[in-house]
Number of protein chains: 2
Amino acid sequence: MLGVREQKKQQTRKAIIDAAIRLFTEKGFEQTSMSELARAAGVGKGTIYGYFKAKEEIFLAYCEAEIEFAFAALDRKLDEQAPLVDQLVAQTIGQITFVTSNREFGRIFAREMVFPGESSKLASRELDMRYLSKLGEVLGRSQQLGELPEDSDPLLLIAHLHAIYILVLSTFYRDDLTSLEDAEVLVRLLVLQVLYGPTALALATAEERQKWGNLKQQFLEQRELKL
Amino acid sequence: MLGVREQKKQQTRKAIIDAAIRLFTEKGFEQTSMSELARAAGVGKGTIYGYFKAKEEIFLAYCEAEIEFAFAALDRKLDEQAPLVDQLVAQTIGQITFVTSNREFGRIFAREMVFPGESSKLASRELDMRYLSKLGEVLGRSQQLGELPEDSDPLLLIAHLHAIYILVLSTFYRDDLTSLEDAEVLVRLLVLQVLYGPTALALATAEERQKWGNLKQQFLEQRELKL
DNA sequence: GGAGAAACTCGACCGCAGTCGACTTTCTCT
DNA sequence: AGAGAAAGTCGACTGCGGTCGAGTTTCTCC
């Protein structure tokens with residue numbers, strides 16, 4: 001049986017998160033002040049800091065709910081019978097779609113997840129466990145089906161995939177990529193190479209190679225760069 | 001001949017950056033307030049915002065000087081005769097060394113470069129041009145020497161390398177990696193795979209594979225994860 | 001039951017980044 | 001040269017995230 005104290009604490013915590021979900025969704029993260037949040041949650045401003053170390057930490061708690069939902073939706077769409085590459089691309093693009101669906105949220109989220117501050121380190125680690133284990137599952141299934149080379153290292157593979165995910169996310173915030181369609185082409189080519197080696201470009205369709213050619217040119221022109 | 005106006009502007013700009021270099025180096029970024037900076041530069045606080053959109057932008061200007069220096073030092077150390085993999089690893093690790101040499105600076109820098117805000121987008125693009133063209137050079141030389149497969153795409157390769165760089169940087173800020181030595185092992189394995197396919201692990205030394213095994217175990221234990 | 005300790009709550013308060021409009025300097029054009 | 005426009009300067013001011021210590025509630029133990 002929970003004491004009065006513990007009960008109230010959970011209640012308060014929930015009130016804060018609920019208020020955060022409402023306000024962040026309504027007005028955005030930056031536009032919601034801690035005083036407002038406190039008022040909406042029916043507590044004093046200082047109280048919030050007994051539950052969260054910083055505003056960013058509330059944001060990550062807020063994200064947990066959203067991510068739970070998004071991942072569940074993604075799971076439903078993911079076809080376990082599809083070729084490995086397709087599954088990995090779908091998962092990656094799905095996440096990118098979700099994260100970038102709100103530009104401001106996505107940037108804060110990405111920053112906290114990829115380069116967390118001392119205060120959000122733990123929360124960020126918790127959050128990406130879900131992601132890691134998801135990739136692990138997909139790869140595990142695939143390994144059993146013999147789709148993966150025997151001698152490849154699953155964790156290194158996950159590292160590559162994670163690296164690709166972060167990179168493509170970054171290209172969005174740097175305006176190097178602007179459409180999800182373009183992102184998918186890039187992700188697919190990179191994943192293909194990671195799975196099957198640098199010559200795996202040949203496995204891509206002509207259309208994909210064509211699109212990549214355009215992307216490439218656009219990128220180089222924008223930077224007045226040559227290779 | 002420059003007018004009085006333009007002359008003063010450049011003077012003021014220099015004064016601000018000089019003050020920033022001094023103060024940021026002395027006391028750190030967060031610990032330096034804009035008022036202090038203004039006082040040190042001998043201008044009003046508002047004036048600074050006529051030259052820089054935000055504090056972060058001053059930071060990136062500050063970084064430009066530091067990076068110039070660091071890259072030059074790296075260039076001198078880089079052995080153009082060494083095998084491609086070694087050069088790429090050296091370049092990547094060199095950058096990581098530099099960026100993480102001050103934890104706080106590195107985090108802010110990484111955040112602004114990888115997921116720039118609207119105000120620092122341009123500055124960040126400018127900064128990584130140097131990096132991109134550096135990689136381009138190394139790859140170009142190597143391609144001429146025939147070290148690279150004919151049919152691989154240089155820009156895709158750069159994307160992979162950049163992805164690896166960001167990933168490993170991220171692992172530092174997430175406490176998954178703590179020493180540069182570990183980082184080097186990870187970078188080397190990932191680069192090997194990117195250049196020569198997933199089976200390229202065989203090209204690593206026994207010692208490297210051993211170290212990777214330890215890293216792997218440590219990582220999985222920390223997260224109570226299995227693959 | 002009650003007293004003292006421990007945990008929790010609160011909003012006034014702090015220093016901050018960034019804004020604004022009154023003021024000064026420089027440019028431009030006759 | 002000088003007047004009016006344009007550009008640049010300034011620090012008081014705003015609202016922010018986060019702290020703090022006084023006050024309140026809950027727990028603990030006799």
Side-chain angles (χ1 to χ4, degrees), chain A residues 1-17 19-20 23-24 26-62 104-105 107-108 111-112 116-120 123, chain B residues 1-17 19-20 23-24 26-62 104-105 107-108 111-112 116-120 123:
Chain A
M1 152 92 192
L2 263 54
V4 178
R5 209 194 207 79
E6 196 58 29
Q7 222 169 308
K8 278 197 182 173
K9 263 178 72 174
Q10 293 192 11
Q11 233 173 288
T12 305
R13 202 186 149 76
K14 185 168 177 338
I16 295 171
I17 294 186
L23 290 180
F24 287 175
E26 267 173 28
K27 342 182 3 176
F29 178 72
E30 310 268 20
Q31 285 68 43
T32 301
S33 78
M34 292 301 274
S35 313
E36 267 181 293
L37 182 54
R39 216 179 313 123
V43 301
K45 188 153 77 134
T47 302
I48 298 184
Y49 288 87
Y51 292 83
F52 302 92
K53 285 202 204 79
K55 199 185 178 189
E56 277 73 24
E57 210 173 289
I58 307 178
F59 178 75
L60 289 182
Y62 158 83
E104 187 208 1
F105 281 0
R107 174 162 45 230
I108 301 167
R111 285 183 175 190
E112 291 297 323
E118 301 301 323
S119 65
S120 45
Chain B
M1 154 89 191
L2 263 53
V4 178
R5 210 194 206 77
E6 197 58 30
Q7 221 169 309
K8 277 196 182 173
K9 262 177 74 173
Q10 292 191 12
Q11 231 173 292
T12 305
R13 189 165 211 290
K14 184 167 178 339
I16 295 171
I17 293 186
L23 290 181
F24 287 174
E26 267 173 28
K27 342 183 1 177
F29 178 73
E30 310 268 21
Q31 284 68 42
T32 302
S33 78
M34 292 300 275
S35 313
E36 269 180 292
L37 182 54
R39 215 178 314 122
V43 301
K45 187 151 80 128
T47 301
I48 297 184
Y49 288 88
Y51 292 83
F52 302 92
K53 285 203 204 76
K55 199 185 179 189
E56 278 75 22
E57 210 173 290
I58 306 177
F59 178 75
L60 288 183
Y62 158 82
E104 187 208 0
F105 281 0
R107 175 162 44 230
I108 301 167
R111 285 183 174 189
E112 292 297 324
E118 301 301 323
S119 64
S120 44

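In what follows, chains carry the letters A, B, and so on, assigned in the order in which the sequence lines appear, proteins first and then strands, with residues in each chain numbered from 1.
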Identify all pairs in which a protein N or O lies below 3.5 Å from an N or O of nucleotides 1-6 of chain D, and state each distance.
| unit_1 | atom_1 | unit_2 | atom_2 | d |
| --- | --- | --- | --- | --- |
| D/dA6 | N3 | B/Arg5 | NH2 | 3.4 |

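- Side-chain N or O atoms of B/Lys55 include one that pairs as donor or acceptor with a backbone N or O of B/Thr32 at under 3.5 Å.
- Of the residues in residues 46-56 of chain A, A/Gly46, A/Thr47, A/Tyr51 come within less than 4.0 Å of DNA chain C through at least one heavy atom, sorted by number.
- With values rounded to the nearest 0.5 angstrom, A/Lys9 atom NZ is found 12.5 Å from A/Thr47 atom OG1.
- Taken from CZ in A/Arg13 to CD1 in A/Ile58, the straight-line distance is 9.5 Å, to the nearest 0.5 Å.
- Residue-to-nucleotide contacts include a donor-acceptor pair under 3.5 Å from the side chain of A/Lys45 to the base of D/dG18.
- A heavy-atom distance below 4.0 Å to DNA chain C is reached by these residues of residues 29-44 of chain A, ordered by number: A/Val43, A/Gly44.
- Judged purely by atom type and a 3.5 angstrom limit, B/Glu36 uses its side chain to pair as donor or acceptor with the backbone of B/Ser33.
- Under the 4.0 Å criterion applied to side-chain N and carboxylate O atoms, B/Glu118 and A/Arg107 are assigned as salt-bridge partners.
- Applying the side chain to side chain contact (heavy atoms under 4.5 Å, CB included) rule to A/Lys14 yields the partners A/Asp18; only residues at least two apart in sequence or on another chain are considered.
- Here D/dA7 presents its C1' atom at 16 Å from CD of B/Gln7, a figure rounded to the nearest Å.
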Q. Where do A/Leu37 and A/Met34 land on the side-chain contact (heavy atoms from CB on, under 4.5 Å) test, with the steps shown first?
A. CA-CA 5 Å; A/Leu37 182 54; A/Met34 292 301 274; 4.3 Å; yes

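- In terms of modelled atom types and a separation under 3.5 Å, the side chain of A/Glu56 and the main chain of A/Glu112 share no donor-acceptor contact.
- Taking every heavy atom of both residues into account, A/Ala61 and A/Ile17 meet most closely at CB-CD1, 4.1 Å.
- Protein chain B touches strand DNA chain C; the 5'-most and 3'-most nucleotides with an atom under 4.0 angstrom of its non-hydrogen atoms are C/dC16 to C/dC27.
- Taking each heavy atom of A/Lys45 and A/Ser35 in turn, the nearest pair found is CD-OG, 3.6 Å.
- Of the two residues near DNA chain D, A/Glu6 and B/Lys8, the one whose nearest nucleotide lies more 5' is B/Lys8.
- Note that the OG1 atom of A/Thr12 and the CD atom of A/Gln7 stand 11.0 Å from one another [nearest 0.5 Å].
- Here the CD-CG distance, from B/Gln31 to B/Leu23, works out to 11.5 Å after rounding to the nearest 0.5 Å.
- Between A/Phe29 and A/Tyr62, the distance from one ring center to the other does not fall under 6.0 angstrom.
- Nearest heavy atom pair, residue B/Ser119 against residue B/Ala54, reads OG-CB, 4.1 Å.
- Rotation axes derived from the C1' atoms of the five outermost pairs at either end of the helix from C/dG1-D/dC30 to C/dT30-D/dA1 lie 10° apart, to the nearest 10°.
- For the pair B/Val43 and B/Tyr51, the minimum side-chain heavy-atom distance is 4.5 Å or more.
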